[in-house]
Peer 1: 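If you scroll down you'll find the structure; I have some questions about it.
Worth knowing before you read on, the calculation uses all heavy atoms, side chains too, and leaves out hydrogens, waters and symmetry mates.
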Amino acid sequence: MLALALAQTSLACFADPYTKTRRLHYIGSDLVDSDPVPPLAYEAYLRARLALERSPQDLAGARVHIDEALRWDSREPQLWITRAEIAWLAGDLATADASLARALALQPGYPAAIDLQARISANTAELVQATP
């Protein structure tokens with residue numbers, strides 16, 4: 001009995017070092033505590049972010065990478081927010097709105113989703129006012 005308890009304790013300590021070190025992470029400037037996405041989803045997410053940072057931006061490449069990340073983990077709101085950002089930058093407001101709605105359905109009140117929603121609304125209002 002004691003051997004079984006020791007074995008279970010040992011396994012608990014070493015079962016998943018990846019998730020133990022990745023619960024706390026930054027999204028923008030906010031430190032959040034959440035379950036980490038699978039490593040392949042995180043890699044695809046980073047590739048999408050890098051495609052957005054290029055000059056000029058590679059929106060098509062970013063879309064491919066974020067869709068790959070979502071195939072690995074469709075329950076992570078930050079992935080949906082990034083998909084919304086890519087769609088917005090590409091001028092696809094319907095997809096941006098749907099992706100933001102999905103992020104907010106997964107985590108109501110998620111600050112990054114609300115911030116992007118406000119930026120999209122402000123930008124859309126500016127475009128409407130600028131149209132003669």
Side-chain angles (χ1 to χ4, degrees):
M1 186 75 123
L2 179 60
L4 178 61
L6 288 173
Q8 288 175 334
T9 303
S10 296
L11 287 175
C13 292
F14 298 105
D16 192 359
Y18 175 76
T19 56
K20 288 181 182 179
T21 61
R22 293 235 26 261
R23 284 206 52 84
L24 287 176
H25 56 277
Y26 282 94
I27 296 178
S29 60
D30 298 323
L31 182 63
V32 297
D33 178 17
S34 65
D35 293 328
V37 298
L40 292 173
Y42 189 62
E43 177 186 353
Y45 165 76
L46 290 176
R47 289 181 187 279
R49 296 302 321 171
L50 288 171
L52 288 175
E53 296 297 322
R54 287 190 183 133
S55 184
Q57 290 177 321
D58 179 8
L59 295 178
R63 175 68 184 256
V64 167
H65 293 302
I66 203 62
D67 286 346
E68 178 184 348
L70 284 164
R71 279 192 297 279
W72 285 103
D73 187 356
S74 62
R75 297 169 293 121
E76 172 55 48
Q78 187 61 38
L79 299 178
W80 288 104
I81 293 165
T82 302
R83 187 173 189 263
E85 180 183 2
I86 294 164
W88 171 50
L89 292 170
D92 184 355
L93 292 179
T95 299
D97 287 340
S99 296
L100 280 172
R102 183 75 182 264
L104 288 167
L106 289 167
Q107 190 168 341
Y110 194 55
I114 293 170
D115 289 347
L116 182 57
Q117 209 169 35
R119 285 185 11 217
I120 291 172
S121 294
N123 186 264
T124 303
E126 287 176 15
L127 289 174
V128 169
Q129 289 177 349
T131 304

Peer 1: What's the spacing between I66 CD1 and S99 OG if we round to 0.5 Å?
Peer 2: 9.5 Å

Peer 1: Work out which heavy atom in G61 is nearest to a heavy atom in A51; give both atom names and the distance.
Peer 2: C-CB, 4.3 Å

Peer 1: Could you tell me which non-hydrogen atom of L104 sits nearest to which non-hydrogen atom of G109, and how far apart they are?
Peer 2: CD2-N, 3.8 Å

Peer 1: Roughly how far apart are D115 CG and I120 CD1, rounded to 0.5 Å?
Peer 2: 11.0 Å

Peer 1: With heavy-atom distances below 4.5 Å as the criterion, would you say the side chains of Y45 and Q78 are in contact?
Peer 2: yes

Peer 1: Are side-chain heavy atoms of W88 and N123 found at a separation under 4.5 Å?
Peer 2: yes

Peer 1: Kindly say whether L59 contributes a backbone atom to a donor-acceptor pair with the side chain of Q57 at under 3.5 angstrom?
Peer 2: no

Peer 1: Identify the heavy atoms of A96 and A87 that sit nearest to each other, and give their distance.
Peer 2: N-CB, 3.6 Å

Peer 1: Between A105 and P108, what is the shortest heavy-atom contact and its length?
Peer 2: O-CD, 4.1 Å

Peer 1: Is I86 linked to L46 within one hydrophobic cluster, defined over Ile, Leu, Val, Met, Phe, Trp and Tyr using a side-chain heavy-atom separation of less than 4.5 Å?
Peer 2: yes

Peer 1: Rounded to the nearest 0.5 Å, how far does CZ of R102 lie from CZ of R75?
Peer 2: 11.0 Å

Peer 1: Linking I/L/V/M/F/W/Y whenever any side-chain heavy atoms sit under 4.5 Å apart, do L79 and L52 land together?
Peer 2: yes

Peer 1: Looking at every non-hydrogen atom in both residues, tell me the closest pair between W72 and P38 and how far apart they are.
Peer 2: O-CG, 4.0 Å

Peer 1: State which residue, out of H65, R49, R63, fulfils the side chain to side chain contact (heavy atoms under 4.5 Å, CB included) condition with T82.
Peer 2: R49

Peer 1: Are Y42 and L50 connected into the same hydrophobic cluster when the rule is that any two of I, L, V, M, F, W, Y join if their side-chain heavy atoms are below 4.5 Å apart?
Peer 2: no

Peer 1: Give the minimum heavy-atom separation between A113 and I81, together with the two atoms involved.
Peer 2: N-CD1, 3.5 Å

Peer 1: Within the structure provided, determine whether R119 and E85 are in side-chain contact (heavy-atom separation under 4.5 Å).
Peer 2: yes

Peer 1: If you measure from CZ on R83 to OG1 on T95, what distance do you get to the nearest 0.5 Å?
Peer 2: 6.0 Å

Peer 1: Rounded at 0.5 Å granularity, tell me how far OG in S121 sits from CG in D97.
Peer 2: 8.0 Å

Peer 1: Is there a side-chain contact between L40 and D73, using heavy atoms and a 4.5 Å cut-off?
Peer 2: no

